[in-house]
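The structure appears right after this line, and notes come after that.
All ligand and atom numbering here is 1-based and tracks the order in the structure.
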Amino acid sequence: MNFSPEDVFDLCLDRAKELMGSEKYNSWLSNASFRSFEAGIFTIGLDSEIRVNFVKHNYKQRLEELLREYSDDPDVTVEFTHKPETLSIGNISNSSSHELFSNYLKPAYVFDRFIEGPNNKLAFATAYSVSFEMGHSSTNPLFIYGGVGLGKTHLVQAIAHHIKDHHPDKTFCYISSEEFLTRYVAALMPNKNKAREMEKFKDKFRNSHYMIMDDVQFLAGKEGTQDLFFHLFNDLYLRGRQIVVTSDRPPHEIEPLEERLISRFQSGTVVDIKPPMLETRIAILHQKLRDENIRLDDKLVLYIAETVKSNVRQLEGAVNLLAANIRIQNIAINIDNVRSIITEYLGSSSRRLNSTAITSAVGDFFSVNPSALKGKKRNREILVPRQVAMYLIRDLTDLSLEDVGEFFERDHSTVLNAIKRVNSMMAEDSSFKRKLLDIRESLLG
Ligand code: ADP
Ligand code: MG
C-alpha cells in the first residue's frame with residue numbers, strides 16, 4: 001500500500017462524496033471516521049446504529065470497491081461500528097498491522113545496500129540490532145547523528161523496511177521532525193473535531209512499536225512540538241517501545257532544546273556517523289556504478305574516490321553526473337573526461353558552499369559589506385547578519401565550530417552562541433526565519 005490506511009480512507013470518502021452527491025453523502029457519511037485497519041479490514045465509525053445499518057445495506061459494496069482501488073489491495077473489506085471511540089490519554093487501540101507514514105520510505109534504503117566501514121560500523125550494528133529486538137534498555141532510545149549525506153536516513157529507514165519485511169506483527173512510524181511539526185500544527189487548526197484530530201494524531205504514534213524520527217534537530221526552538229514529542233516519547237518508552245532518532249549533531253548541541261529531552265536522548269545509545277574513509281568510498285562507488293550499469297576501470301574508481309570525499313550523497317551525485325554524460329552526451333569513458341566531469345561537479349558544489357560564498361550571499365541579502373561581517377564591529381546591523389553567516393556556514397558545510405570561528409577570527413564559543421541566537425530568533429520571528437530559509441535556498445541553488 002502506498003498510502004497510509006487513513007489516507008486511503010480519506011481519498012475514498014472524497015470520491016464517495018462525488019459519486020453519491022453531497023446531499024446523500026451529508027446524510028449518511030459526513031461524520032464517518034477511520035477507526036482501524038487490521039488484517040485487511042477497514043473499520044469505519046458512524047454515530048448511530050441506524051446509520052450503520054443503512055450504510056451497510058446501501059453503500060458497503062461501493063465503499064469496499066473504492067477502498068480496494070485506493071489501497072491497491074483486492075482483498076480489503078469494510079466493517080462498521082457505532083461504538084464511540086475512547087479518547088483518553090494513553091488509550092491504545094488494538095495494535096494494527098499497518099505501517100504509518102510508510103509512503104516516505106525509499107525502497108533502496110535497506111540494510112543490504114548499506115555499505116559498512118569503520119566510520120559507520122557502530123551506527124550500522126546498533127540500527128541492525130534494534131531492528132531485531134525492540135526496546136532493549138541499552139539501545140533505547142537510539143540516537144544517530146552525523147553530517148549531511150552520511151547515511152542517517154538510509155539507516156533508520158532500513159530499520160523500518162526490516163520490520164515491514166520480517167516482523168509484520170510490529171508497527172512503526174517513520175516521520176521527519178518537520179513533517180511531525182506540520183501534522184501537529186494541522187491537528188491544532190480550528191476544527192469542530194479538534195480534540196479528536198489531536199487524539200488521532202497522537203494515536204498514530206502511541207500505537208507504534210517503533211517510532212523513528214528523522215532530523216530531530218528541527219525541533220529546536222519549537223516548544224509546543226517538543227512538549228508533545230516529550231510526552232509521546234515517555235509514553236512509548238515506558239511501554240518498552242523503541243525510539244530511534246537522527247540528527248545532524250549530538251543531543252547537547254541542538255539548541256534550543258529542552259534539557260529533559262536532551263537527557264532522554266542521552267539515556268540510550270548515542271552513536272555518530274563520520275564521513276566514509278577511502279576504502280568505504282570505493283565500495284560505495286562500486287555499488288552505485290553497478291546500479292547505473294557503468295563499468296569503470298579500477299584506476300578511475302580510485303580517482304573518483306580520492307577526489308570526492310566529503311559525503312556519500314556527493315559521491316552519488318558525481319556518479320549520476322557521470323552517468324548522465326555517458327548516456328546523454330555519449331562521451332567516452334577515459335581519465336580526461338572523467339576528470340573534467342568530476343572537477344566541474346566539485347567546482348559547482350564547493351563554489352556555492354564555502355565560507356566566503358556564504359558570507360557574501362548573506363552580506364548581499366542584508367545589504368551590508370561582506371568584509372564588515374568578518375570585522376570587529378558589534379552594532380546590530382552587522383551582528384545579526386554575521387550570526388546568520390556563522391549559522392549557515394555551520395549548516396551547509398562540513399566545517400567545525402572551530403573552523404567557522406577561525407574564518408571570522410573568533411573562538412568557537414562565539415560561533416556556538418551565534419547559532420543559539422539564530423535558532424531562537426527563528427523560533428520567535430517567522431519573517432526572520434523565512435529570510436534565513438530564503439538565503440539558504442538560494443545558496444543551495
Ligand atoms: P543523511 O540522512 O545522513 O543526510 P542519507 O541517508 O540521505 O544521508 O544518505 C545520502 C545518500 O547516500 C543516500 O542515497 C544513501 O543511500 C547513500 N548512502 C549513505 N551512506 C551509505 C552507505 N554506507 N552505503 C551505501 N549508501 C549510502
Ligand atoms: Mg537524512
Side-chain angles (χ1 to χ4, degrees), residues 101-131 142-162 172-182 211-220 244-251 253-254 265 270-292 294 301 304-305 308-324 345-346 349 353 394-399 440 444:
F101 309 127
S102 67
N103 39 335
Y104 295 101
L105 296 186
K106 279 208 183 172
Y109 289 2
V110 291
F111 285 125
D112 276 348
R113 293 183 49 85
F114 190 86
I115 307 231
E116 266 186 86
N119 293 354
N120 62 27
K121 210 180 180 59
L122 198 56
F124 175 83
T126 327
Y128 196 57
S129 77
V130 155
S131 72
L142 170 59
F143 188 104
I144 300 176
Y145 74 91
V148 292
L150 296 182
K152 303 180 296 294
T153 297
H154 186 139
L155 261 190
V156 296
Q157 290 203 2
I159 299 177
H161 280 295
H162 185 94
F172 64 85
C173 61
Y174 166 83
I175 192 166
S176 72
S177 67
E178 279 175 305
E179 182 73 22
F180 181 77
L181 172 79
T182 309
M211 173 170 180
I212 303 170
M213 174 135 352
D214 209 358
D215 289 322
V216 79
Q217 74 273 3
F218 289 118
L219 290 187
V244 179
V245 165
T246 74
S247 161
D248 65 353
R249 60 203 91 165
E253 275 188 29
I254 307 177
F265 287 155
V270 178
V271 57
D272 70 340
I273 303 188
K274 294 200 180 70
M277 310 221 293
L278 179 72
E279 295 76 3
T280 319
R281 297 202 297 276
I282 292 176
I284 292 172
L285 266 175
H286 278 301
Q287 170 169 286
K288 192 69 196 155
L289 291 165
R290 214 169 30 239
D291 292 347
E292 295 288 340
I294 300 175
V301 174
I304 300 175
V308 184
K309 291 190 276 219
S310 58
N311 66 57
V312 184
R313 190 168 296 144
Q314 196 187 34
L315 260 187
E316 289 187 343
V319 175
N320 290 340
L321 186 64
L322 195 63
Y345 174 73
L346 289 179
S349 46
L353 297 180
R394 180 83 173 115
D395 187 15
L396 298 175
T397 70
D398 292 333
L399 298 177
R440 191 174 185 282
L444 290 170

### Query
Got an N/O contact under 3.5 Å between Ile115 and ligand 1?
yes

### Task
Mark up the atoms of ligand 1 that fall under 4.0 Å of a heavy atom belonging to Val148, in ascending order.
4 (O)

### Task
Return the minimal non-hydrogen interatomic distance between Asp112 and Gln287, and the atom names on each side.
O-OE1, 4.5 Å

### Task
Over all heavy atoms of both residues, which pair between Val216 and Ser247 is shortest? Give the atoms and the distance, please.
CG1-CB, 3.8 Å

### Query
Atoms of ligand 1 less than 4.0 Å from Asn120 heavy atoms?
23 (N)

### Query
Short question: side chain of Asn320, backbone of Glu292 - any donor-acceptor pair under 3.5 Å?
no

### Summary
Value for CZ (Arg113) from CG (Asp291), rounded to nearest 0.5 Å, stands at 4.0 Å

### Query
In this structure, which one of Tyr174, Phe114, Phe111 forms a side-chain contact (heavy atoms from CB on, under 4.5 Å) with Gln157?
Tyr174

### Query
Tell me, which protein residue and heavy-atom name are nearest atom 25 (C) of ligand 1, and how many Å apart are they?
Arg113 O, 3.2 Å

### Query
Would you say Val312 has any N or O atom under 3.5 Å from an N or O of ligand 1, going by distance alone?
no

### Query
Just by distance, with hydrogens left out, do Asp214 and Thr153 show a side-chain donor and acceptor under 3.5 Å apart?
yes

### Query
Is the closest heavy atom of Gly146 to ligand 1 under 4.0 Å?
no

### Message
Tell me the protein heavy atom at minimum distance from atom 8 (O) of ligand 1, and give that distance in Å.
### Response
Gly151 N, 3.0 Å

### Task
Could you confirm whether Ser176 has any N/O/S atom lying under 2.8 Å from the Mg ion (ligand 2)?
no

### Query
How long is the span from the OH atom in Tyr345 to the CG atom in Leu315, to the nearest 0.5 Å?
8.5 Å

### Nearest-contact summary for atom 13 (C) of ligand 1 - protein heavy atom, Å
Tyr109 OH, 3.3 Å

### Message
With heavy-atom distances below 4.0 Å as the criterion, list the atoms of ligand 1 near Gly147.
### Response
3 (O)

### Query
Taking all non-hydrogen atoms of both residues, which atom of Pro276 and which atom of Leu150 are closest, and how far apart?
CD-CD2, 3.9 Å

#### Entry: Rounded distance (nearest 0.5 Å) linking atom CG of Asp272 with atom CG of Asn119
8.5 Å

### Query
Any idea which part of Phe124 is under 4.0 Å from ligand 1, heavy-atom wise: side chain, backbone, both or neither?
neither

### Message
For the 3.5 Å polar cut-off, considering only N or O atoms, please tell me whether Thr153 and ligand 1 meet it.
### Response
yes

### Task
Measure from atom 7 (O) of ligand 1 to every heavy atom in Arg313, Glu316, Lys288, His154 and give the option owning the shortest one.
Arg313

### Message
Test side chain to side chain contact (heavy atoms under 4.5 Å, CB included) on Leu142 and Val245; report intermediate values, then the result.
### Response
CA-CA 6 Å; Leu142 170 59; Val245 165; over 6 Å; no

### Message
I want to know if ligand 1 touches Glu116 in the polar sense, i.e. an N/O pair below 3.5 angstrom.
### Response
no

### Polar atom proximity, Gly149 to ligand 1 (N or O, under 3.5 Å)
yes

